[in-house]
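Each remark here refers to the structure printed beneath this line.
All residue numbers in this chain count up from 1 along the given sequence. Given the structure is predicted, the values throughout are model-derived calculations rather than measurements.
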Amino acid sequence: MYTQKHRAGKGKSMSLADKVFIQMCKDILENGTSTEGEKVRPHWADGTPAYTVKKFAVVNRYDLSKEFPILTLRKTALKSATDEMLWIWQKKSNNINDLHSHIWDEWADEDGSIGKAYGYQMGVKHQYREGMMDQVDRVIYDLKNNPFSRRIMTNLYVHQDLHEMNLYPCAYSMTFNVTSAAGAAQEKGGGGLVLNAILNQRSQDVLTANNWNVVQYAVLLHMLAQVCNMKVGELVHVIADAHIYDRHIPIVKELICREPLEAPSFWLNPDIHDFYQFTRDDVRVENYQAGPQVDIPVAI
């Protein structure tokens, strides 16, 4: 169980995730390039092209052993984010009827399917030397049996199936890497191995989705570490095209002027040791305070 606490106030620790977010947004706004006037696919509900200010190859690092990286500038819905992650990684579903939220409704057909995307790809079984496994089971098998392998990874961007996906995957690949815990940390018990991962994302709407994705994969790392008897380490988030939409710029400017608050404590049900037994109710953040919500128009 992870219950690292940080308190706000003079001489106390503020949210590091907020600081990362603020620095990223400032960099995009100050040093990014505009797509205005270019041929772009996204548009607003009124049909206007949705232009962006973007940066190429943004890399953010989060040390999950020190803090759970949920924003305090505005609230991130932990349970809903976890539910979507489990929809992909655990249920391996591509049907919105298996979700508790409506975030995928726009891309679903009349039966609720989003095509051969996301969870569908996770559920496809492949032949390995060790037998038939899907991508999730392969990751768990290797973390338990061959943790120092440099080949523990998943990929949702399957080219032969792209034409049958209602939306191409954005966060498309995870690469896991296990290290040995340093001396003092190892002596504290709970396993001598540390689980780290890189999340690769081809494109991201920073205001709408950045912390949502960070939180999802932080939870995933905590869950996998627990079921494989490891400690959590670093989550590295690599975004090829990190962008802020034109109508989001004033919202982002207001948001990053807010003062970061105390990083909350993260709780994961310590009684779960099978990844397929986790539910969205097995996670929570304690002492979570966040700034007021903002209305965000979504480009489609």
Side-chain angles (χ1 to χ4, degrees), residues 15 17-29 32-36 40-60 62 69-85 87-88 96 99-108 114 117-118 156 165-172 199-220 235 237-258 260 290-300:
S15 166
D18 285 322
K19 295 177 182 178
V20 170
F21 183 82
I22 291 170
Q23 290 169 357
M24 171 180 59
C25 290
K26 285 182 176 179
D27 186 32
I28 294 171
L29 292 174
T33 59
S34 174
T35 63
E36 188 172 357
V40 295
R41 179 193 57 80
H43 58 276
W44 300 109
D46 61 10
T48 305
Y51 296 118
T52 65
V53 176
K54 69 175 192 175
K55 280 280 289 187
F56 168 65
V58 169
V59 180
N60 294 324
Y62 305 90
I70 192 167
L71 282 188
T72 70
L73 299 175
R74 69 180 177 100
K75 187 176 181 180
T76 297
L78 174 67
K79 289 188 183 296
S80 294
T82 299
D83 182 57
E84 189 200 22
M85 182 276 292
W87 177 62
I88 298 168
I96 61 170
L99 268 174
H100 289 90
S101 62
H102 298 281
I103 54 178
W104 279 95
D105 288 7
E106 180 144 1
W107 289 279
I114 62 168
Y118 287 95
L156 299 177
M165 298 183 189
N166 296 359
L167 180 69
Y168 289 7
C170 295
Y172 67 90
L199 169 62
N200 279 296
Q201 191 151 0
R202 64 169 177 83
S203 172
Q204 184 171 77
D205 173 349
V206 166
L207 176 61
T208 304
N210 180 263
N211 197 241
W212 179 272
N213 290 139
V214 170
V215 163
Q216 288 181 314
Y217 286 90
V219 170
L220 176 64
L235 172 64
H237 190 191
V238 181
I239 312 167
D241 189 307
H243 52 264
I244 298 173
Y245 280 103
D246 47 13
R247 296 187 185 180
H248 292 176
I249 290 174
I251 304 171
V252 169
K253 286 182 176 179
E254 188 276 328
L255 199 63
I256 63 178
C257 285
R258 296 178 181 180
Q293 289 288 44
V294 293
D295 292 327
I296 304 174
V298 178
I300 52 180

**Prompt:** From I96 CD1 over to I114 CD1, what is the distance, rounded to the nearest 0.5 angstrom?
**Reply:** 9.0 Å

**Prompt:** Is a side-chain donor or acceptor of T35 paired with a backbone partner of T52 at a separation under 3.5 angstrom?
**Reply:** yes

**Message:** Does any part of the side chain of S80, heavy atoms only, come nearer than 4.5 Å to the side chain of H100, both counted from C-beta?
**Reply:** no

**Request:** Look at atom CG of D295 and say whether more than 12 heavy atoms of other residues, nucleotides or ligands are closer to it than 6.0 Å.
**Result:** no

**Fill in**
Rounding to 0.5 Å, atoms CD1 (I239) and CD1 (I28) come to a distance of 7.0 Å

**Request:** List the atom of R247, the atom of I251, and the distance in Å for their closest heavy-atom pair.
**Result:** O-CD1, 3.9 Å

**Message:** I'd like to check F21 versus N210 (side-chain heavy atoms, cut-off strictly below 4.5 Å). Are they in contact?
**Reply:** yes

**Request:** Flag the pair I249 / V53 as yes when at least one side-chain heavy-atom distance between them is below 4.5 Å, and no otherwise.
**Result:** yes

**Prompt:** Roughly how far apart are R41 CZ and I300 CD1, rounded to 0.5 Å?
**Reply:** 9.5 Å

**Request:** Given side chain to side chain contact (heavy atoms under 4.5 Å, CB included), test L73 with I22 step by step and report yes or no.
**Result:** CA-CA 9 Å; L73 299 175; I22 291 170; 3.8 Å; yes

**Item:** Derivation and outcome, side chain to side chain contact (heavy atoms under 4.5 Å, CB included), residues T48 and H43
**Value:** CA-CA 6 Å; T48 305; H43 58 276; over 6 Å; no

**Asked** Where do S203 and H243 land on the side chain to side chain contact (heavy atoms under 4.5 Å, CB included) test, with the steps shown first?
**Response** CA-CA 8 Å; S203 172; H243 52 264; 3.0 Å; yes

**Request:** Flag yes if more than 12 heavy atoms outside K75 fall under 6.0 Å of its NZ atom; otherwise flag no.
**Result:** no

**Request:** Evaluate whether atom CD of E36 has more than 12 neighbouring non-hydrogen atoms of other residues, nucleotides or ligands under 6.0 angstrom away.
**Result:** no

**Message:** Are there over 12 heavy-atom neighbours, none belonging to K54, within less than 6.0 Å of that residue's NZ?
**Reply:** no

**Prompt:** From L29 CG over to K55 NZ, what is the distance, rounded to the nearest 0.5 angstrom?
**Reply:** 11.5 Å

**Message:** Is any side-chain heavy atom of R258 closer than 4.5 Å to one of D18?
**Reply:** no

**Item:** Main-chain N/O of A81 paired with Q216 side-chain donor or acceptor, under 3.5 Å
**Value:** yes

**Prompt:** Say you draw a straight line from CE of M24 to CG of N60; how long is it, rounded to the nearest 0.5 Å?
**Reply:** 5.5 Å

**Message:** If you compare all heavy atoms of C25 against all heavy atoms of I244, which two are closest, and at what distance to 0.1 Å?
**Reply:** O-CD1, 4.2 Å

**Request:** For H248 and P297, indicate whether the former's side chain and the latter's backbone hold a donor-acceptor pair under 3.5 Å.
**Result:** yes

**Prompt:** Going by atom types only, do D205 and W212 share a side-chain donor-acceptor pair under 3.5 Å?
**Reply:** no

**Prompt:** Looking only at atom types and distance, does a side-chain atom of R202 sit under 3.5 Å from a main-chain N or O of A240, one as donor and one as acceptor?
**Reply:** no

**Complete:** Minimal heavy-atom distance between L235 and A218, with the atoms involved, is CD2-N, 3.8 Å

**Request:** Taking all non-hydrogen atoms of both residues into account, name the closest pair between C257 and K253 and its distance.
**Result:** SG-O, 3.3 Å

**Message:** If you define the side chain from C-beta out and look only at heavy atoms, does anything of D246 sit under 4.5 Å from W44?
**Reply:** yes

**Request:** Measure across L167 and A117 and return the closest heavy-atom pair with its distance rounded to 0.1 Å.
**Result:** O-CB, 3.9 Å

**Fill in**
Contacts of W104 meeting ring-ring contact (aromatic ring centres under 6.0 Å, His included) (sequence neighbours excluded), chain-then-number -> W87, W107, Y118

**Asked** Does the pair Y245 and L207 meet the rule for a side chain to side chain contact (heavy atoms under 4.5 Å, CB included), with working shown?
**Response** CA-CA 8 Å; Y245 280 103; L207 176 61; over 6 Å; no

**Prompt:** At what distance, to the nearest 0.5 angstrom, does CG of N200 lie from CG of L156?
**Reply:** 11.0 Å

**Message:** Could you work out, with ring-ring contact (aromatic ring centres under 6.0 Å, His included) as the rule, every residue matching H237, not counting sequence neighbours?
**Reply:** none

**Message:** To check you understand the geometry: which heavy-atom pair defines the closest contact between A50 and A299, and what is its length?
**Reply:** CB-CB, 3.8 Å

**Prompt:** Side chains of V20 and V214: does their closest heavy-atom pair fall under 4.5 Å?
**Reply:** no

